[in-house]
S.K.: 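Have a look at the structure that comes next, please.
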Amino acid sequence: MPAGNCTAPITFILSGLTDDPQLQIPLFVLFLAMYITSLLTNLGMVALINIDLRLHTPMYFFLQNLALMDAIYSTVITPRMLMTFLVEMKAISYAACITQCFSFILLIISECLLLAVMAYDRYVAICKPLLYTVIMSKTTCWSLVKGSYLWGFLNSVIHTGGLLKLTFCSSNTVNHFFCDISPLFQISSSGTAVNELLVFTFGSLIEMSSITAIAISYVLIIQTVLRIRSKERKFKAFSTCASHLMTVTLFHGTIAFMYFRPATSYSLDTDKVVSLFYTVAIPVLNPLIYSWRNKEVKEALRRVTATKVLLHWPFGLTDRPDLQLPLLVVFSLIYGLTLLGNVGMILIIRSDPHLHTPMYFLLSNLSFLDVCYSSTVTPNMLLNFLAASKGVSYSGCLTQYSFFALFATTEMFLLAAMAYDRYVAICNPLLYTVVVTKKLEKQRREMRCKETVEEEGPSLRKAFQKGMWEGSMVVSNHTSVTYFILLGLTNRPELQSLLFVMILLIYAITLVGNLGMIALITIDSQLQTPMYFLLVNLTVVDLCYSSVFAPRMLVNFLVENKTVSYSACVAQHFSFVVFVTTEGFLLAVMAYDRYVAICSPLLYTTLMPRKVCVWLVAGSYLGGLLNSSVHTCGLLKLSFCGPNTINHYFCDTNPLLQLTCSDRRINEILLVTLSGLIALSTLLFVVVSYLCILFSMLSMSSTSRHRAFSTCASHLTAVTLFYGPVSLSHVQPSSKYSLEREKISAVFYTLVVPMLNPLIYSLRNKEVKNALRRVTERRKCCSLPCLSK
C-alpha cells in the first residue's frame with residue numbers, strides 16, 4: 001500500500017483465545033468465574049486491611065496497593081476478553097486499543113516495582129527490626145508507592161508514544177485477546193526496530209533491576225536469619241517472606257518469559273497462553289496466597305467474621321450472625337454480575353455500529369446509571385456484613401444519599417425519555433430517522449469527496465490547495481500568508497474529546513499547583529530565602545508558558561476552523577522562546593544556588609543576597625528575551641507563499657521553517673548554534689555544580705549528606721524532565737526532524753513539566769509541607785474567633 005494513502009485504522013479486530021465455537025461458552029464461564037473471584041478477593045483484601053487496625057502496618061499497606069493493582073489491571077483485560085466470547089465482531093476502536101495498552105503497561109510495570117519495594121520492606125523488618133518504624137514511616141511508604149506508579153506511568157508513556165507513531169496499513173487483526181504491544185508490532189507496516197529496542201531495553205532494565213533488588217534483599221535476609229539461634233524466630237522470619245516469594249516467582253517467571261527478548265522472536269500463540277496466567281490467574285492467586293499463607297490475615301478475617309452483629313432492621317438487613325456470610329456471598333455475586341452485565345452492555349453498544357441508534361444510546365446511559373447508583377449502595381452494604389462497627393459519618397451519609405437521589409431521579413427521567421423514544425419509533429416511524437439519515441448522508445458525501453480527491457490525483461489536490469491559499473494570501477512581490485492552520489495533535493474525531501478532557505485537567509492542575517506554590521511562598525515568612533525566591537520565578541515561568549499553549553490547544557479541540565492569525569502565531573512563537581530559554585537559565589541559576597548552600601554554607605547569605613538573586617533572575621529573563629528576539633526577527637524576514645498548514649499544535653520554529661519559500665539556512669544555523677549553545681552551557685553548568693556538590697558531600701556525616709541530597713532531589717528531577725524533551729526537539733537542524741515525534745515530546749515539556757514541577761517541589765520538600773501546614777493551621781486559628789461569636 002502506498003505510504004500516502006495509508007491511514008490509521010478506525011478499529012482493530014481481536015482474534016481472541018480461540019475460534020472454536022464449542023469452547024466459547026465453557027471458556028466464558030471459566031474466565032467469568034475467575035474474574036469475579038479476582039474482584040471479590042482483591043477488593044475483600046483491601047477492605048479487610050482497611051477495617052482491621054492490627055493490619056495498619058507498612059507490609060499490609062503495600063499489600064493493599066498490590067491487591068488494588070491486581071483488581072484494576074485484571075479489569076483492564078478481562079471484560080473485553082469476555083465480550084469476545086459472546087460477539088462475532090470482535091472489534092475494538094483504535095483509541096480503546098491504545099488506552100488498553102497504556103493502562104496495561106502502566107499497571108504491570110508498577111506491580112513489578114511494587115514487588116521490589118515489598119522485598120525491601122521485608123529486608124528492613126527482619127534485618128533492622130528496631131529501626132523498622134523509623135525507616136518505613138508512612139511518608140516513606142507513600143513515596144515508594146508513588147514512585148512505583150510514576151515509573152510505570154513514564155514507561156507506559158514512552159512505549160505508547162512509540163506505538164502512536166506506527167502505521168497499520170496491511171492488517172488490523174491483532175492475534176491476541178487484548179491489545180498487547182508485541183502483537184501490534186507484528187501487524188505494523190512501519191519499521192518497529194526502535195520500538196522493539198525500547199521494549200527490550202526498558203523491559204530488561206526494569207526486570208533486571210527489580211529482580212536484583214529482590215535477590216539482594218533476600219540474600220541479606222537469609223544471612224540475618226541464619227544468625228538467629230531460636231528456631232521459632234527463624235521460622236517466623238521465613239514465614240513472613242513465603243507469601244511474597246511465591247508472588248514474585250509467579251509474576252516474574254511469566255513476565256520474563258514474555259518480554260525478556262525482542263518481539264521478533266515471539267510465538268504469539270504461546271504468548272497468549274502464558275499471558276492468561278499473569279493477566280487473569282495471578283490476580284486471582286495473589287490474595288489467596290496472602291490469606292492462606294499468612295496467619296495475621298487469617299486472624300484478622302476471623303476477628304471480623306466472628307464479631308457479634310448487634311444491629312436491627314433500620315441499620316442492616318439482619319442481626320442474625322448465621323446469615324451474614326451467605327448474604328455477603330449472594331450480594332457480592334449480584335454486584336459482580338451487575339458490573340459485568342452493565343459494563344458489557346456499554347462496550348457492546350459502543351463497539352457495534354449497528355447499535356448506534358437513539359434507542360441503544362439511551363440504553364447505554366441507563367446501564368451507566370445502574371452501575372453508578374448500584375456502586376453507591378452495594379460496597380458499603382458488603383462492608384457492613386464484615387465489620388463490627390457499622391458507623392458512617394454525617395458527611396459520608398449525606399454524600400451517599402445525595403448520589404443515590406441523583407442517580408435514582410436521573411434514571412426515572414431517563415426511563416421517561418426511553419418511553420418517548422419508543423413512542424416516536426412506533427407512532428411516527430417515517431420521522432424517526434430523519435436526523436440520523438441526514439447525518440449518514442453527510443458522512444457518505446464526505447467519503448465520496450475523499451475518494452474523488454484520491455482518484456483524481458495531484459492535479460485536483462493542487463487546485464484545491466490553490467483555492468484555499470487564494471483566500472489567505474495578499475498579493476505583492478511575494479504572496480504572504482495572513483493566517484495559518486494548526487493541525488493539532490490529531491485529526492481523529494474519536495480522540496478529540498478524550499484529549500480535550502486530559503489537556504484541560506493537566507492545565508487546571510498546572511494553574512492550581514503553580515499559583516498555590518507562589519501564594520504559599522509569598523505568605524510564609526520562613527520560605528523567604530534565595531532558593532524559594534528562585535522557585536517562585538520558576539513557577540511564574542511555568543505558569544506563563546503553559547498558558548501560551550494550553551488555551552489555544554483546548555479551543556482547537558472544539559472548533560473545526562483551527563486557524564491562527566499571522567501576528568498571533570508570531571506572538572506565540574516569541575513568548576514560547578522567551579519562557580523556554582528563561583527556564584533553562586533559571587534551572588542553571590538554581591543549581592548554582594544549591595552549590596553555594598551546600599559547599600559554602602557559612603557564606604550563603606553573603607554570596608546569595610536578595611540583590612544578587614534579583615540580578616540572576618533578571619539576567620535569565622534578559623537571555624530569554626534576546627534569544628527570542630533573534631529567532632523571531634529571523635522568522636519575520638521569511639516569506640510564506642506556499643502552504644499555510646502547520647503540522648503542530650502551536651507555532652514552533654521548526655514547523656514554520658518547513659513552510660517557508662525563502663532560504664532558511666541562516667535560521668537553521670542560528671537555531672542550532674544558539675539553542676545548542678544555551679542548552680549545552682546551562683546543562684554543563686548544572687553538571688559542574690552537582691559534581692562540586694557531590695565532592696563536598698563525601699566529607700559530610702551521613703545525616704548532613706542525606707539532608708543535602710534531599711534539598712537537591714527536587715531540582716535534579718526538574719532538570720531531567722526539562723532538558724530531556726527540549727534537547728530532543730531543538731538541538732538538531734530542522735531538516736532532520738520528525739515532526740510527529742517532536743509533537744509528542746513538545747507535549748511533555750510544554751504541558752506536563754509545568755504540571756509536575758510544583759508537585760515535585762511539594763512532595764519532595766519538607767519545608768514546603770511544613771509551610772502548608774502552618775498556613776492551614778493559621779487559617780483555622782483565625783477562624784476560631786468567628787466561630788466563637
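On a predicted model such as this, the values are computed, not experimentally measured, just so you know. Excluded from the calculations below are hydrogen atoms, water molecules and symmetry mates; all remaining heavy atoms, backbone and side chain alike, are included.
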S.K.: Mind listing the closest non-hydrogen atom pair of S148 and S110 along with its distance?
M.R.: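 Where S148 meets S110 most closely, the heavy atoms are O-OG, 3.3 Å.
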
S.K.: Do Y566 and F640 come within less than 4.5 Å of each other through their side chains, counting heavy atoms only?
M.R.: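 Yes - at least one pair of side-chain heavy atoms lies under 4.5 Å apart.
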
S.K.: Run the side-chain donor-acceptor check on residues 505-524: report pairs under 3.5 Å with partners two or more places apart or on a different chain.
M.R.:
| unit_1 | atom_1 | unit_2 | atom_2 | d |
| --- | --- | --- | --- | --- |
| Y507 | OH | S547 | OG | 2.9 |
| T510 | OG1 | I506 | O | 2.7 |
| N514 | ND2 | T510 | O | 2.8 |
| N514 | ND2 | P754 | O | 3.0 |
| T522 | OG1 | I518 | O | 2.6 |
| D524 | OD1 | R774 | NE | 3.0 |
| D524 | OD1 | R774 | NH2 | 3.3 |
| D524 | OD2 | Q526 | N | 3.1 |
| D524 | OD2 | R774 | NH2 | 2.8 |

S.K.: Ignoring hydrogens and geometry, is there a side-chain-to-backbone donor-acceptor pair from T660 to S639 under 3.5 Å?
M.R.: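 Looks like yes, one N/O pair under 3.5 Å.
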
S.K.: Just wondering, more than 12 heavy atoms not from I666 lying within 6.0 Å of its CD1?
M.R.: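 Open: at most 12 neighbouring heavy atoms sit under 6.0 Å from CD1 of I666.
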
S.K.: Just list the side-chain donor-acceptor pairs under 3.5 Å for residues 601-618, sequence neighbours left out, or say none.
M.R.:
| unit_1 | atom_1 | unit_2 | atom_2 | d |
| --- | --- | --- | --- | --- |
| Y604 | OH | D593 | OD1 | 2.5 |

S.K.: Would you mind writing out the side-chain donor-acceptor pairs for residues 530-539 within the sub-3.5 Å range, not counting sequence neighbours?
M.R.:
| unit_1 | atom_1 | unit_2 | atom_2 | d |
| --- | --- | --- | --- | --- |
| Y532 | OH | N765 | OD1 | 3.0 |
| Y532 | OH | N765 | ND2 | 3.1 |
| Y532 | OH | E767 | OE1 | 2.5 |
| N537 | ND2 | F533 | O | 2.8 |
| T539 | OG1 | L535 | O | 3.2 |
| T539 | OG1 | V536 | O | 2.6 |

S.K.: I'd like to check T581 versus S628 (side-chain heavy atoms, cut-off strictly below 4.5 Å). Are they in contact?
M.R.: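 No, side chains not in contact.
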
S.K.: Which value, rounded to the nearest 0.5 Å, describes the distance between F574 atom CZ and L635 atom CG?
M.R.: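 F574 CZ to L635 CG: 12.5 Å, rounded to 0.5 Å.
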
S.K.: Tell me, with the steps shown, if L487 and I646 meet side-chain contact (heavy atoms from CB on, under 4.5 Å).
M.R.: CA-CA 6 Å; L487 288 184; I646 300 175; over 6 Å; no

S.K.: Out of curiosity, I485 CD1 to C569 SG, how far, rounded to the nearest 0.5 Å?
M.R.: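 I485 atom CD1 to C569 atom SG measures 12.0 Å (nearest 0.5 Å).
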
S.K.: Quick check: do N644 and T563 have side-chain heavy atoms less than 4.5 Å from each other?
M.R.: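 The answer is no, as the side chains (C-beta and beyond) never meet within the 4.5 Å cut-off.
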
S.K.: Can you name the nearest heavy-atom pair linking I693 to A591, along with the distance?
M.R.: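 Closest pair (atom of I693, atom of A591, distance): CD1-O, 4.5 Å.
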
S.K.: Is the number of heavy atoms from other residues, nucleotides or ligands within 6.0 Å of CZ (F557) greater than 12?
M.R.: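 Counting other residues, nucleotides and ligands, CZ of F557 exceeds 12 neighbours.
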
S.K.: Closest approach of S620 and T582, non-hydrogen atoms and distance?
M.R.: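 Answer, listing the atom of S620 first, then T582: O-OG1, 3.6 Å.
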
S.K.: With rounding to the nearest 0.5 Å, note down the distance linking SG in C692 to CE in M697.
M.R.: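 These two atoms lie 11.0 Å from each other.
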
S.K.: Looking only at the SG atoms, are C101 and C179 under 2.5 Å from each other?
M.R.: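 No - the two cysteines, C101 and C179, have SG atoms at least 2.5 Å from each other.
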
S.K.: Please give me the minimum heavy-atom distance between L671 and H631, naming the atom from each residue.
M.R.: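 Heavy atoms of L671 and H631 come nearest at CA-CE1, 3.5 Å.
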
S.K.: CZ/F153 to NZ/K146 distance, rounded to the nearest 0.5 angstrom?
M.R.: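 Going from CZ on F153 over to NZ on K146, the span is 15.5 Å.
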
S.K.: Mind listing the closest non-hydrogen atom pair of N757 and A718 along with its distance?
M.R.: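 That closest heavy-atom pairing would be OD1-CB, 3.6 Å.
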
S.K.: Determine whether F650 and V564 satisfy the following criterion, side-chain contact (heavy atoms from CB on, under 4.5 Å), listing intermediate values before the conclusion.
M.R.: CA-CA 9 Å; F650 73 97; V564 56; over 6 Å; no

S.K.: Quick check against the 3.5 Å criterion: does T192 have a side-chain atom that pairs as donor or acceptor with the backbone of N195?
M.R.: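 No; zero donor-acceptor contacts below 3.5 Å.
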
S.K.: Taking all atoms of both residues into account, what is the closest heavy-atom pair of S156 and I105, and its distance?
M.R.: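 What the structure gives for the nearest pair is CA-CG2, 3.7 Å.
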
S.K.: Could you go step by step and tell me if H159 and F104 meet the ring-ring contact (aromatic ring centres under 6.0 Å, His included) rule?
M.R.: CA-CA 11 Å; H159 294 308; F104 169 70; over 10 Å; no

S.K.: Taking S681 for the side chain and I678 for the main chain, is one N or O donor matched with an acceptor at less than 3.5 Å?
M.R.: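 Yes, S681 side chain to I678 backbone: donor-acceptor pair under 3.5 Å.
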
S.K.: Does some side-chain heavy atom of R552 sit less than 4.5 Å from a side-chain heavy atom of L486?
M.R.: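 Sidechains of R552 and L486: in contact.
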
S.K.: Applying side-chain contact (heavy atoms from CB on, under 4.5 Å), run through Y94 and L164 and close with a yes or a no.
M.R.: CA-CA 10 Å; Y94 179 80; L164 288 170; 3.7 Å; yes

S.K.: Considering only heavy atoms from C-beta outward, does the side chain of N556 approach that of Y649 to under 4.5 Å?
M.R.: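 With C-beta onward as the side chain, the pair stays apart.
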
S.K.: Side chains of L751 and M553: does their closest heavy-atom pair fall under 4.5 Å?
M.R.: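 Yes. Closest side-chain heavy atoms under 4.5 Å.
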
S.K.: So, applying side-chain contact (heavy atoms from CB on, under 4.5 Å) with T160, which one of T99, I181, N155, I98 is it?
M.R.: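 Of all the options given, the one that passes is I98.
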
S.K.: Side chains of L113 and Y149, heavy atoms from C-beta outward: is any pair under 4.5 Å?
M.R.: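 With C-beta onward as the side chain, the pair stays apart.
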
S.K.: Does S189 form a side-chain hydrogen bond (donor to acceptor under 3.5 Å, both in side chains) with T167? I'd like the steps, not just the answer.
M.R.: CA-CA 6 Å; S189 54; T167 55; 3.1 Å; yes

S.K.: Distance-only, no hydrogens or angles: does the S209 side chain make a donor-acceptor pair with backbone N or O of I206 under 3.5 Å?
M.R.: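 Judged by distance alone, yes, a pair lies under 3.5 Å.
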
S.K.: In Å, rounded to the nearest 0.5 Å, how long is the span from CZ of F685 to CG of L587?
M.R.: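 So the gap between those two atoms works out to 12.5 Å.
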
S.K.: Might you work through the side-chain contact (heavy atoms from CB on, under 4.5 Å) test for F484 and H648, ending with a clear yes or no?
M.R.: CA-CA 11 Å; F484 292 101; H648 217 303; over 6 Å; no

S.K.: Has R664 got a side-chain atom pairing as donor or acceptor with L657's backbone, closer than 3.5 angstrom?
M.R.: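 Yes, R664 side chain to L657 backbone: donor-acceptor pair under 3.5 Å.
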
S.K.: Does V596 offer a backbone N or O that forms a donor-acceptor pair with the side chain of S600 under 3.5 Å?
M.R.: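 Pair absent, no side-chain N/O of S600 close to backbone of V596.
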
S.K.: Between the main-chain N or O of F549 and the side-chain N or O of Q572, is there a donor-acceptor pair closer than 3.5 Å?
M.R.: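 Flag not set: sc Q572 to bb F549 has no pair under 3.5 Å.
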
S.K.: If we only count heavy atoms from C-beta on, is the F500 to L504 side-chain gap below 4.5 Å?
M.R.: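 Side-chain contact under 4.5 Å: yes.
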
S.K.: Which distance, rounded to the nearest 0.5 Å, do you find between the SG of C633 and the CG of L638?
M.R.: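 That separation rounds to 11.5 Å.
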
